[in-house]
Amino acid sequence: MRFLPVFLDLKAGPVVLIGSGELLRAKLRVLAAAGARLRVHAIDGNRDLTGLADDVAARVVFADSDPLTADLAGIIAIVCAGAGDIGVAMSARAKSLGLPVNVMDDLEHSSFIFPAIVDRGEVVVAVGTGGSSPVVARRVREKIEALLPARIGELAEFIGGFRKSIHARLPEFPLRRRFWERVIDGPIGALVLAGRKAEAEAALDRISDPSAFARAGKPEGSVALVGAGPGDPDLLTIKALRALQDADLVLYDELVSPEILDRIRRDTARIAVGRRVGKPGIGQDAINELMIEAAQAGQRVVRLKGGDPLVFGRGGEEVEALRAAGISYSIVPGITAAIGGAADFEVPLTFRQEALRITFLTAHKAQDAETVDWSTLTDTKATVVVYMGMTAAPSVRAGLLAAGRSAETPVGVFARVTRPDAQAAIGTLGELPELVARIEGGPAILIIGDVIRHAGTTRQNPTQIISDLLEAAA
């Protein structure tokens, strides 16, 4: 690490800004928005402050003097942006005086650099790459911005308002830390993050004995049923990522991808509880028992499921078990395989005047397919999505054909959707078992209906090209 991250107190004195053009104006906007008082040497003579609020513009003073000879008493930092050779000379002067200096895009002549900044009021996150790649720093900043609650700065400000009074009542640091952990992670912190500051203040005021509050017994456990989506870790919701980072224990299905498991906090305990076709799992009752026991012990549990917890994920059964046990729980939706696969291969599950309804069903085995009333699924303006239907594909075809659906109905078999090794086989209902045979392993979904005609070629290498299907069906 070449550059040590530090935070400069902008109330300590003004910042000198030297340069020209849009580079100068960009730095002016950043510094002024941060609350800095600025002495600006505009080499190009442009003193336009359009776009700055009046209170911000009031902190900007344009200087007529030569920056190389100007009085720098009381200055806390020097920034050069679009200053040319003056920037290099100013760097030498600043270093001789022991002043921090930044010459934009010039590490050799800079003693500090500007990080990418996430600004949440009282909470500020700085991301730097040692000046090697500002674009990478910006991308990291975007990820952090997505993860941080919008009101995290308000939470810090809220705690700051009570900090002195609590410090006086709890002089022991470990106890004080435990007190604030319970506040932040509990209902009071949740109220602030929800924008209900007055209720949070009232709740904190009601804590008559901070020591007892801090020493309270085991924390209340909870369970979050979290949808992991179909495999691409970038499709996890922000709420799902937060749950994974907060969890003490994660119970995950076998279909959850390794890339998603990598998003779990490193010290979190993990237990694989799912099963694949033909392989036994620990059973739903055992999963329910694990969740309940861990939550009763005060742990924050995540039940991580492929797709969405409430779409063929038995989430409803788990909710009932948690309710019966009196366990606090939440549900975090995920992108289900049908939606992920449709986006991956540009299949519109609905299409105006052509596909007006969607039916989701599951068929692990032939026996599952035999229990379906296929007569309700013969409408040509309906799209049928079959989850886990590879094994039962012959029975799915037989059921639909017997009910009257045309053998020329377009069908797509989409495997491992949203993952790098995603694969598609596209053809007709009559060919369904043969299409499944072309797929190199699941999990896969079957999409049946005329919407397949509108599919694109996002993946470029579907097992059978869309145009071939259209030509055969013409």
Side-chain angles (χ1 to χ4, degrees), residues 115-118 120 125-129 133-150 152 224-247 250-268 270 272 274 300 302-313 315 330-349 360 385 387 412 414-424 439-445 447 455-462:
I117 296 172
V118 179
R120 291 285 194 276
V125 181
V127 181
T129 58
S133 179
V135 173
V136 170
R138 287 201 297 272
R139 289 291 181 264
V140 174
R141 179 196 66 195
E142 290 165 6
K143 296 289 186 183
I144 294 172
E145 283 185 325
L147 288 171
L148 284 178
I152 190 69
L225 307 182
V226 176
D232 182 350
D234 286 340
L235 293 179
L236 281 171
T237 65
I238 295 170
K239 198 169 186 178
L241 283 170
R242 289 177 186 156
L244 293 178
Q245 286 296 304
D246 288 342
V250 175
L251 309 176
Y252 65 93
D253 284 343
E254 290 294 331
L255 292 180
V256 176
S257 70
E259 294 80 9
I260 288 174
L261 295 178
D262 284 343
R263 304 297 176 95
I264 301 170
R265 199 178 70 240
R266 292 291 180 263
D267 60 342
T268 298
R270 311 176 190 191
R300 290 167 294 188
V302 165
R303 174 70 176 97
L304 188 61
K305 300 167 171 290
D308 182 274
L310 302 183
V311 179
F312 304 125
S330 61
I331 301 171
V332 181
I335 295 176
T336 191
I339 305 302
D344 225 5
F345 292 93
E346 300 178 15
V347 179
L349 294 179
F360 293 161
V385 180
Y387 284 71
F414 303 98
R416 304 174 300 282
V417 297
T418 77
R419 302 184 189 185
D421 61 343
Q423 190 179 11
I439 294 297
E440 300 166 1
I445 57 169
I447 300 180
T457 55
T458 301
R459 288 285 182 175
Q460 300 302 318
N461 293 308

Heavy-atom pair with the smallest gap, counting every atom of [X] and [Y]:
X: A415; Y: G441; answer: CB-O, 3.7 Å
X: T418; Y: A422; answer: N-CB, 4.2 Å
X: P443; Y: L255; answer: CG-CD2, 4.0 Å
X: Q245; Y: R265; answer: O-NH1, 2.5 Å
X: T268; Y: A247; answer: OG1-O, 2.8 Å
X: F345; Y: A455; answer: O-CB, 3.7 Å

So, taking the atom named [atom1] in [X] and the one named [atom2] in [Y], what distance separates them when rounded to the nearest 0.5 Å?
X: R242; Y: R263; atom1: CZ; atom2: CZ; result: 14.5 Å
X: I264; Y: L241; atom1: CD1; atom2: CG; result: 11.0 Å
X: T336; Y: F360; atom1: OG1; atom2: CZ; result: 6.5 Å

* **Those residues that, when tested against D262, pass side-chain hydrogen bond (donor to acceptor under 3.5 Å, both in side chains) (two or more places apart)** =>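 Expected list: none.
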* **By side-chain hydrogen bond (donor to acceptor under 3.5 Å, both in side chains) - contacts of Y252 (at least two apart)** =>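 None.
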* Test side chain to side chain contact (heavy atoms under 4.5 Å, CB included) applied to R416 and I439, step by step -> CA-CA 10 Å; R416 304 174 300 282; I439 294 297; 4.2 Å; yes
Would you be so kind as to tabulate the donor-acceptor pairs closer than 3.5 Å made by side chains of residues 139-150, with sequence neighbours excluded?
from : atom 1 : to   : atom 2 : distance (Å)
R139 : NH1    : E142 : OE2    : 3.1

* Non-neighbouring partners of A126 that pass side-chain contact (heavy atoms from CB on, under 4.5 Å), sequence neighbours left out ->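 Checked A126 against side-chain contact (heavy atoms from CB on, under 4.5 Å); matches are P115.
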Enumerate donor-acceptor pairs with a distance under 3.5 Å from any side-chain N or O in residues 303-310 to protein atoms, sequence neighbours excluded.
from : atom 1 : to   : atom 2 : distance (Å)
R303 : NE     : E318 : OE2    : 3.0
R303 : NH1    : L251 : O      : 3.4
R303 : NH1    : D253 : OD1    : 3.0
R303 : NH2    : D253 : OD1    : 2.9
K305 : NZ     : G313 : O      : 2.5
K305 : NZ     : E318 : OE1    : 3.0
K305 : NZ     : E318 : OE2    : 3.1
D308 : OD1    : L310 : N      : 2.8
D308 : OD2    : G334 : N      : 3.0

* **Non-neighbouring partners of R300 that pass salt bridge (charged side-chain N to carboxylate O under 4.0 Å, His left out), sequence neighbours left out** =>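 Checked R300 against salt bridge (charged side-chain N to carboxylate O under 4.0 Å, His left out); matches are D248.
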Kindly list each side-chain donor-acceptor pair under 3.5 angstrom involving residues 224-240, sequence neighbours excluded, with atom names and distances?
from : atom 1 : to   : atom 2 : distance (Å)
D232 : OD1    : D234 : N      : 2.9
T237 : OG1    : A240 : N      : 3.0

* **L349/I339 under side chain to side chain contact (heavy atoms under 4.5 Å, CB included): CA gap, chis, key distance, verdict** => CA-CA 8 Å; L349 294 179; I339 305 302; 4.0 Å; yes
